Amino acid sequence: MELLNQIATSLQEGDDARVGELTRKAVAEKIPARQILDEGLVAGMNVVGSLFRDHEIFLPDVLLAARAMYAGLDVLKPMLVSENVPTAGKIVIGTVQGDLHDIGKNLVGIMLRGAGFEVIDLGNDVAPEKFVETATRENAQVIGMSALLTTTMTGMQRVVELLDAKGQRGRIKTIIGGAPVTAEYAREIGADAFGFDAASAVERVKELAAQ
Amino acid sequence: MKEIVRFPVDACLPTAAEVLAGQGVPAGRPTAEPVAESLREALNLFQELAAPITVVTGIPSAEFASVYRGEGRNAPESPLAAIFPKAEQLVLFAVTIGAPVSEEISRLFATGRFDLGYLLDAVASSGTDRLAQKLQEYCAVRKQERNSPPGHEQVASCGLRVAGDENPLGDLGVLGGSTSVSGSAGRAQAGTVFLRYSPGYCGWDITGQRQLFRALRPEDIGITLRESCLMEPLKSISGVLVAARPEVHRFDNTYPFCTVCTTQTCRSRIAEIQDGKPRKHEAG
Ligand code: B1M
């Protein structure tokens with residue numbers, strides 16, 4: 001559909017004003033919200049994702065596109081709720097206790113929202129108990145943790161241990177990432193997944209949410 | 001003796017090309033106009049909000065040995081352990097561009113301007129790294145001009161020195177980024193090169209921050225250390241400036257920890273002291 005293609009193209013160009021305007025137009029033309037989302041916004045974001053993976057574009061371009069996606073999502077949100085369109089899943093994210101570096105975590109959150117997840121962002125310097133309590137209360141499938149330094153990433157292990165102690169470890173999955181974090185460290189502490197970057201984090205979270 | 005050195009914001013303002021290169025964008029590649037516009041905005045915000053300030057203090061080798069030992073968690077062998085005993089001079093340092101830039105980054109993310117927030121973060125990281133580089137150059141110039149090591153002399157009564165006032169940054173540029181104080185400029189000690197080393201790199205465990213902070217007390221310029229060894233403001237760098245002959249700074253990247261190092265910035269630093277051409281260092 002021409003209008004949905006235009007949404008996808010404007011999104012790739014990072015033109016948030018135009019994406020908002022075209023999405024409103026699509027809604028006015030009574031195109032179902034789900035279709036606008038899938039064939040307009042998500043389709044555009046998928047192209048952006050593959051251009052990024054092929055190093056055709058870079059993170060700042062992706063963020064502009066994501067901003068445009070949000071402009072469209074803002075228009076669609078009330079309809080997605082009223083049409084009962086399910087989210088891809090729910091995830092609680094945060095930067096671990098003692099750590100304030102949240103740019104990586106923010107990027108992961110932005111990409112996850114763009115992929116249709118409901119994201120509860122606890123911010124930075126988050127205590128292990130808060131991760132577990134929030135995920136339990138909100139019935140989230142995944143907890144995502146980020147850290148900048150080897151001294152702060154130890155907080156991730158505490159979250160896994162707490163989940164274990166509360167018998168929630170199988171139900172609530174964990175994904176970790178950040179500059180000093182490795183796949184090996186994730187295995188060592190019993191985290192369910194490791195995200196090398198924001199794009200791979202989205203792939204891993206999709207897998208975890210599907211389990 | 002401790003010395004506080006301030007730099008004008010322009011001294012640590014990165015170029016747009018530098019910031020893009022840090023994002024992996026190949027040199028010469030055209031930038032999409034919206035990205036270029038956000039980057040200009042980010043550079044302007046940095047100029048408006050950054051408050052670069054640094055502190056240095058000279059330290060005798062024996063005392064530094066105990067700072068370096070830290071909490072005993074360093075790698076059994078490391079480049080710095082071999083380098084510092086051969087140094088002509090050791091100067092502890094800390095630099096920061098202050099908290100307002102980080103506060104603005106958080107505000108931008110919270111209000112949905114994450115493209116700008118992200119670019120401001122990248123500008124601020126490059127800027128902090130540049131500030132450390134400028135301090136390194138300043139120390140080299142001071143040593144060359146007076147053969148008087150920074151942090152080893154009486155400072156002005158208020159304890160503040162504005163680098164831009166006494167050593168115009170244009171002068172610093174004469175030396176080039178390598179900070180080599182050898183050769184044509186008639187240095188006091190021919191062949192001496194200042195290079196910086198930081199806890200968290202090359203086998204110097206990050207917990208070494210605690211000893212370093214005890215010896216330097218960068219709280220005077222507003223840098224504090226959390227229990228977790230994280231510095232606040234976030235955009236801060238600490239370490240030791242080592243003045244030594246170029247060959248003393250050279251080492252192979254064959255230590256066990258080199259295999260997991262993703263930055264390998266030591267290679268460009270070593271190449272730089274070899275050919276005297278400044279290169280961009282990755283932050284941290
Ligand atoms: C939930 O699931 C997930 C999944 C994926 C997830 C995730 C969660 N969270 C993140 N991801 C992933 O996706 C994101 C998007 O791709 C990524 O998020 P990041 O947050 O990693 O990425 C950001 C978007 C951009 N990346 C960054 O901002 C970090 C890049 C590197 C080069 C870096 C930078 C830029 C800086 N630093 Co420095 N710095 C390094 C870094 C080395 C590296 N190559 O990563 C690192 C983190 N630094 C280090 C060090 C030692 C330090 N730094 C310092 C300072 C600095 C700068 C100020 C110069 C600058 C900014 C720091 C800041 N936090 O704002 C100091 C500490 C600062 C402090 N406040 O305490 C200092 C301690 C040095 C010193 N003594 O002064 C090292 C830590 C080593 C350790 N032992 O912990 C380091 C790994 C470099 C190294 N040695 O290789 C992925 O990690």
Side-chain angles (χ1 to χ4, degrees), chain A residues 10 12-18 51-52 55-71 73-74 95-111 113-114 121 123-125 147-155 179-182 184-185 196-198, chain B residues 16 19-26 29 31-39 42 71 73 99 102-103 105-106 108-125 199-200 205-210 225-235 260-263 283-284:
Chain A
S10 303
Q12 288 162 52
E13 289 163 357
D15 191 340
D16 56 339
R18 183 119 181 93
L51 289 172
F52 178 62
H55 305 289
E56 292 289 323
I57 57 170
F58 298 89
L59 211 46
D61 307 279
V62 178
L63 289 172
L64 274 162
R67 200 177 132 200
M69 167 129 196
Y70 276 29
L73 275 180
D74 282 348
T95 298
V96 294
Q97 195 159 44
D99 207 322
L100 301 174
H101 171 85
D102 60 4
I103 301 301
K105 178 267 294 170
N106 289 346
L107 296 182
V108 171
I110 289 163
M111 302 298 183
R113 282 198 184 98
D121 187 343
N124 55 39
D125 199 6
L148 178 80
L149 301 175
T150 42
T151 39
T152 59
M153 71 184 192
T154 49
V181 180
T182 59
E184 197 191 345
Y185 182 70
F196 169 74
D197 58 17
Chain B
V19 178
L20 290 171
Q23 297 305 304
V25 181
R29 191 188 184 110
T31 314
E33 186 42 38
V35 173
E37 197 185 309
S38 287
L39 183 50
E71 298 178 355
R73 297 190 202 184
S102 296
E103 286 158 10
I105 294 166
S106 301
L108 289 166
F109 269 97
T111 54
R113 283 303 312 274
F114 32 78
D115 53 317
L116 182 56
Y118 177 76
L119 284 168
L120 182 56
D121 186 81
V123 168
S125 291
D205 195 80
I206 185 116
T207 51
Q209 287 278 58
R210 297 197 183 105
L225 193 66
R226 286 189 157 222
E227 186 60 32
S228 61
C229 287
L230 187 89
M231 287 182 281
E232 281 184 90
L234 209 48
K235 303 295 180 192
V260 291
C261 174
T262 52
T263 57

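It should be emphasised that the depicted structure is a prediction, and the values quoted were computed from it without experimental measurement. To find a chain, count down the sequence lines: A is the first, B the second, and so on, and within it residues start at 1.
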J.: Test your reading of the model: is there a side-chain donor-acceptor pair from S38(B) to the backbone of V35(B), 3.5 Å cut-off?
T.: no
J.: Is a side-chain N or O of Y185(A) found less than 3.5 angstrom from the main chain of M153(A), in a donor-acceptor match?
T.: yes
J.: Is T151(A) reaching over with its side chain to a backbone N or O of S228(B), donor-acceptor style, under 3.5 angstrom?
T.: yes
J.: Considering only heavy atoms and a distance below 4.5 Å, find which of D61(A), L107(A), D121(A), L63(A) pairs most often with chain B.
T.: L63(A)
J.: Is I105(B) close to chain A through its backbone or its side chain, or both, or neither, when contacts mean heavy atoms under 4.5 Å?
T.: side chain
J.: Side-chain contact, heavy-atom cut-off 4.5 Å: N106(A) with F114(B)?
T.: no
J.: Chain A heavy atoms under 4.5 Å from F109(B): which part of the residue, side chain, backbone, both or neither?
T.: side chain
J.: Against chain A, label L234(B) side chain, backbone, both or neither, depending on which of its atoms sit under 4.5 Å from a heavy atom there.
T.: side chain
J.: Side chain from CB out, backbone as N, CA, C, O: work out which of these in L149(A) comes under 4.5 Å of a heavy atom of chain B, or both, or neither.
T.: side chain
J.: Who pairs with S10(A) by side chain to side chain donor-acceptor pair (under 3.5 Å), at least two apart in sequence or on another chain?
T.: none
J.: Testing D125(A), D99(A), T152(A) for side-chain hydrogen bond (donor to acceptor under 3.5 Å, both in side chains) with R226(B), which one passes?
T.: D125(A)
J.: Checking heavy atoms, do the side chain of E184(A), its backbone, both or neither come under 4.5 Å from chain B?
T.: neither
J.: Considering only NZ, NE, NH1 and NH2 on the basic side and carboxylate oxygens on the acidic side, decide whether D115(B) and R113(B) come within less than 4.0 Å.
T.: yes
J.: Examine whether an atom of L100(A) lies under 4.5 Å from a heavy atom of chain B, and if so say whether it belongs to the side chain, the backbone or both; otherwise answer neither.
T.: both
J.: Flag the one option from T31(B), I206(B), D205(B), V260(B) with the top tally of heavy-atom pairs under 4.5 Å to chain A.
T.: I206(B)
J.: Check whether A71(A) gets within reach of chain B through its side chain, its backbone, both or neither, counting any heavy atom under 4.5 Å.
T.: neither
J.: Can you tell which part of E33(B) gets under 4.5 Å to a heavy atom of chain A, answering side chain, backbone, both or neither?
T.: neither
